[in-house]
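One structure is given below, encoded as structure tokens.
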2 protein chains.
Amino acid sequence: MTDSLSRRKLFGFAGAGVALAGAGGVVGAAVAGSGDHAGEADLVPFHGPHQAGITTPAQDRMHFVAFDVTTRDRGELVGLLREWTRAAERMTAGQEAVDRGAVAGAGEAPPGDTGEALDLPPSGLTLTVGFGPSLFDDRFGLAAQRPPALADLPHFPKDNLDPGRCGGDLCVQACANDPQVAVHAVRNLARIGFGKVAVRWSQLGFGRTSSTSRTQRTPRNLFGFKDGTNNIKSEDTAALDEHVWVQPGDGPQWMNGGTYLVARRIRMHIETWDRTSLREQEKVVGRAKGSGAPLGKADEFDPVDLRARGADGEPLIADDAHIRLASAERHGGARILRRGYNFTDGSDGLGRLDAGLFFVCFNRDPRRQFVPMQRLLARGDGMMEYLEHNGSALFACPPGIQPGGYWGQHLFG
Amino acid sequence: MTDSLSRRKLFGFAGAGVALAGAGGVVGAAVAGSGDHAGEADLVPFHGPHQAGITTPAQDRMHFVAFDVTTRDRGELVGLLREWTRAAERMTAGQEAVDRGAVAGAGEAPPGDTGEALDLPPSGLTLTVGFGPSLFDDRFGLAAQRPPALADLPHFPKDNLDPGRCGGDLCVQACANDPQVAVHAVRNLARIGFGKVAVRWSQLGFGRTSSTSRTQRTPRNLFGFKDGTNNIKSEDTAALDEHVWVQPGDGPQWMNGGTYLVARRIRMHIETWDRTSLREQEKVVGRAKGSGAPLGKADEFDPVDLRARGADGEPLIADDAHIRLASAERHGGARILRRGYNFTDGSDGLGRLDAGLFFVCFNRDPRRQFVPMQRLLARGDGMMEYLEHNGSALFACPPGIQPGGYWGQHLFG
Ligand code: HEM
Ligand code: HEM
């Protein structure tokens with residue numbers, strides 16, 4: 001190791017310092033962030049009242065993985081969650097997954113870490129864990145602990161789900177500003193889980209497609225539109241309490257301070273979209289493509305007025321516009337925190353790219369937020385003509401972890 | 001467009017300035033690069049004696065696409081290559097694909113650019129085009145122009161090729177420091193080619209796995225080893241002339257200054273690898289995992305001595321070590337320029353990640369470089385136990401383009 005950016009040398013100390021800020025905040029490390037987002041060297045504290053990776057300003061890249069639990073032994077599962085927590089504490093601090101890592105091995109024992117992140121700084125890595133509905137079957141005695149809000153998602157009109165991209169007993173969402181750091185984390189957790197869990201599906205997101213903080217520039221999705229303008233932002237603490245964090249009394253106690261993650265793999269038929277006019281595209285979204293402003297307004301952050309009409313008496317935001325049907329106004333005030341990523345997974349065998357949006361959102365109760373929203377969108381959103389939902393999953397993300405605690409501690413403890 | 005980093009506003013001027021440095025060099029733009037590689041705002045000149053994206057210090061991300069030509073009309077194909085060249089000149093300069101871009105559309109015409117890179121700087125984008133062996137069949141009258149060096153790759157021992165990941169009439173290698181910029185470029189070229197070409201396969205590489213310049217830190221592949229140490233570097237101009245650039249007299253004139261690209265999608269069985277000891281891993285590679293030094297040496301860049309023996313009389317670099325069988329010494333001095341990327345494409349349905357190395361190398365004549373090397377590796381390399389080659393392609397990359405010229409001009413002209 002000749003490099004001054006060695007994760008083991010430079011960041012080896014960090015384990016002690018990670019509790020300084022709340023989980024999800026960003027602590028600038030050796031290299032300052034670029035202003036827009038956490039820089040590669042930034043460190044996001046792992047511990048705190050909520051899990052990191054939810055209100056953390058969205059990092060650039062994501063590797064999301066859903067696991068099946070293959071052991072039938074509750075103790076083994078709990079042991080794994082403890083081991084994962086320790087490894088996550090280390091990796092989010094820029095250290096190797098375990099104490100005796102990639103180059104410490106002697107004799108016939110394999111190295112403790114896979115090594116591909118050896119020279120890389122923390123890169124803003126967050127690891128967020130969730131429990132799928134299937135974990136609450138009769139295998140681990142958890143049925144009585146299943147939160148009512150973790151109700152299986154209904155079938156939505158036009159769903160075209162591939163079972164190989166759906167569900168999972170557990171999920172890990174790894175986000176980082178360097179994809180190698182996110183992939184390394186998922187791989188090492190999978191490795192620690194060998195014989196107890198198996199990868200069910202995984203998805204790489206190459207670019208964030210939502211801003212989740214007022215400090216971030218709004219990125220664009222593969223329809224070319226700014227995405228995340230009217231998102232809940234990490235600065236909106238009242239809205240987070242109302243729409244994202246599970247509150248005491250909402251359901252079983254172990255979920256207090258947690259949240260529900262919905263993931264949808266949405267293929268975007270970009271070739272068809274690219275053949276429609278700018279006017280049609282803007283009508284479908286309800287916003288201007290260049291500025292991101294609501295139609296009829298000038299600036300991206302001008303408030304949306306769903307009642308505004310043009311000189312011709314027609315609504316400026318069409319009746320079937322995406323932002324009308326997804327609006328809080330249309331859903332009795334319900335909102336969601338979106339945190340999705342653009343993807344491109346090769347081609348589809350028909351001469352087209354397999355590209356789209358890996359949609360991730362966080363809800364205090366999906367039955368009152370994501371579900372009615374998606375039901376309305378699936379039926380009436382003009383955008384549906386260009387979309388195909390082919391993956392779907394729901395997870396209960398427990399609250400944050402205190403030093404010494406572990407993922408799911410209040411569920412199993 | 002409210003953003004000061006607007007590709008149209010800030011970089012709109014760049015078209016005039018791109019010829020200042022040779023193609024493949026890096027011109028710092030509004031934001032300086034990080035030292036390790038071109039920064040997001042950096043601009044790599046498109047024009048020059050060789051195509052950019054070959055000796056350009058490897059950017060962080062790649063989107064590689066192979067196309068089938070669907071038109072049977074030679075004139076239409078030439079027209080497309082001209083149009084692609086103009087779009088590439090613009091996009092590598094941080095501009096939209098065409099003059100009237102994503103938000104210029106009026107009436108019923110679709111916008112000229114898909115828009116998802118609207119606010120993004122050039123990000124070191126390079127676009128490199130190659131012609132596959134199949135282009136030289138009887139469709140376009142090119143059979144007589146086919147270079148002997150563009151001989152179909154032979155079947156190698158243990159090849160397990162998926163036809164859906166092999167071949168192609170044309171390829172575009174898009175490399176950039178922001179994946180959204182690379183994906184945008186490929187998508188807009190595909191779009192311009194609608195009705196004339198169809199995507200055959202595409203591959204996203206999330207992280208460079210070779211250094212190609214002495215200014216770059218050596219990255220790690222998914223086996224956790226430094227990759228690119230003993231690579232040809234862009235500073236080695238004599239080696240480039242000897243091993244990479246086609247020289248006058250080598251074959252048909254249109255390829256002078258060009259090079260041959262070999263792409264291999266190599267699945268890495270990381271789960272098996274991760275269960276072997278550090279000693280075994282280092283023996284397989286022939287280098288130390290931590291430092292990257294040849295076994296028995298201390299520093300990454302210490303020269304490899306294939307004759308050195310340990311106290312026990314055994315060779316320090318094993319007989320079946322990767323770096324022995326791939327060494328120039330073993331191949332009569334032949335070397336290659338490696339420029340591959342790590343990939344992770346979801347999971348394999350058997351509980352494992354589908355991950356590996358998208359191997360790309362450049363050769364003056366693959367028959368004397370890649371082919372014998374891979375033949376020896378496929379038969380004897382200890383690493384083969386952990387690898388599966390499941391995609392393969394070969395392309396003739398024509399020389400660089402002067403202002404006003406186009407991709408393939410000397411082939412078709
Ligand atoms: C590929 C699929 C999708 C695309 C391309 C897309 C795109 C967009 C865009 C461009 C905006 C406007 C900018 C903004 O405020 O962020 C937006 C807003 C929004 N979208 Fe989507 N969206 C997609 C799927 C979904 C889904 C599945 C949901 C939830 C079920 C959803 C919920 C919302 C919400 C709540 C807003 C904010 C509306 C407002 O109050 O102004 N979107 N989306
Ligand atoms: C997934 C597959 C592969 C992996 C993980 C891998 C890994 C490595 C590593 C770790 C090194 C040592 C560091 C360096 O000098 O870059 C190396 C060297 C090298 N590899 Fe590979 N490699 C792979 C496939 C190939 C293939 C297919 C070829 C060519 C047919 C190749 C040709 C070379 C060459 C020429 C060297 C330099 C050897 C020397 O002269 O020291 N590699 N590779």
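Bear in mind the structure is a predicted one, so any value in this text is a computation, not a measurement. All chains are named by letter (A, B, ...) in the order of the sequence lines, taking the proteins before the strands, and each is independently numbered beginning at 1.
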Next item on the list: May I ask you to decide if the ring planes of B/F223 and B/W273 are parallel, tilted or perpendicular, using 30° and 60° as cut-offs?
Entry: parallel
Check: What class does the angle between the rings of A/F358 and A/W201 fall in, given that below 30° is parallel, 30 to 60° is tilted and above 60° is perpendicular?
Finding: perpendicular
Notebook entry, point to check: With chain B, which of A/D113, A/V197, A/D274 has the greatest number of heavy-atom pairs at distances under 4.5 Å?
Noted result: A/D274
Check: Of all of A/R165, A/E116, A/Q281, which one pairs up most often with chain B through heavy atoms under 4.5 Å apart?
Finding: A/E116
Could you tell me which portion of [X] (side chain, backbone, both or neither) has an atom closer than 4.5 angstrom to a non-hydrogen atom of chain A?
X: B/D68; result: neither
X: B/L204; result: side chain
X: B/R352; result: backbone
X: B/T344; result: both
X: B/R187; result: both
X: B/F194; result: side chain
X: B/E282; result: neither

Got [X] and [Y] here, is their nearest side-chain heavy-atom distance under 4.5 Å?
X: B/P179; Y: B/F206; result: no
X: A/M62; Y: A/C175; result: yes
X: B/L118; Y: B/E96; result: yes

Margin query: Can you confirm whether more than 12 heavy atoms, excluding those of B/K289, are under 6.0 Å from its NZ atom?
Written below: yes
Margin query: Could you work out, with ring pair (Phe, Tyr, Trp, His ring centres under 6.0 Å) as the rule, every residue matching B/F67, not counting sequence neighbours?
Written below: B/W84
Where does [X] contact chain B at under 4.5 Å (heavy atoms): side chain, backbone, both or neither?
X: A/T114; answer: both
X: A/E271; answer: neither
X: A/R200; answer: backbone

Next item on the list: Look at B/N221, B/L222, B/T70, B/T209 and state which one has the largest set of heavy-atom pairs under 4.5 Å with chain A.
Entry: B/L222
Note to self: The criterion is salt bridge (Lys or Arg N to Asp or Glu O under 4.0 Å); which residues satisfy it with B/R265, sequence neighbours excluded?
What the structure shows: B/D345, B/D354
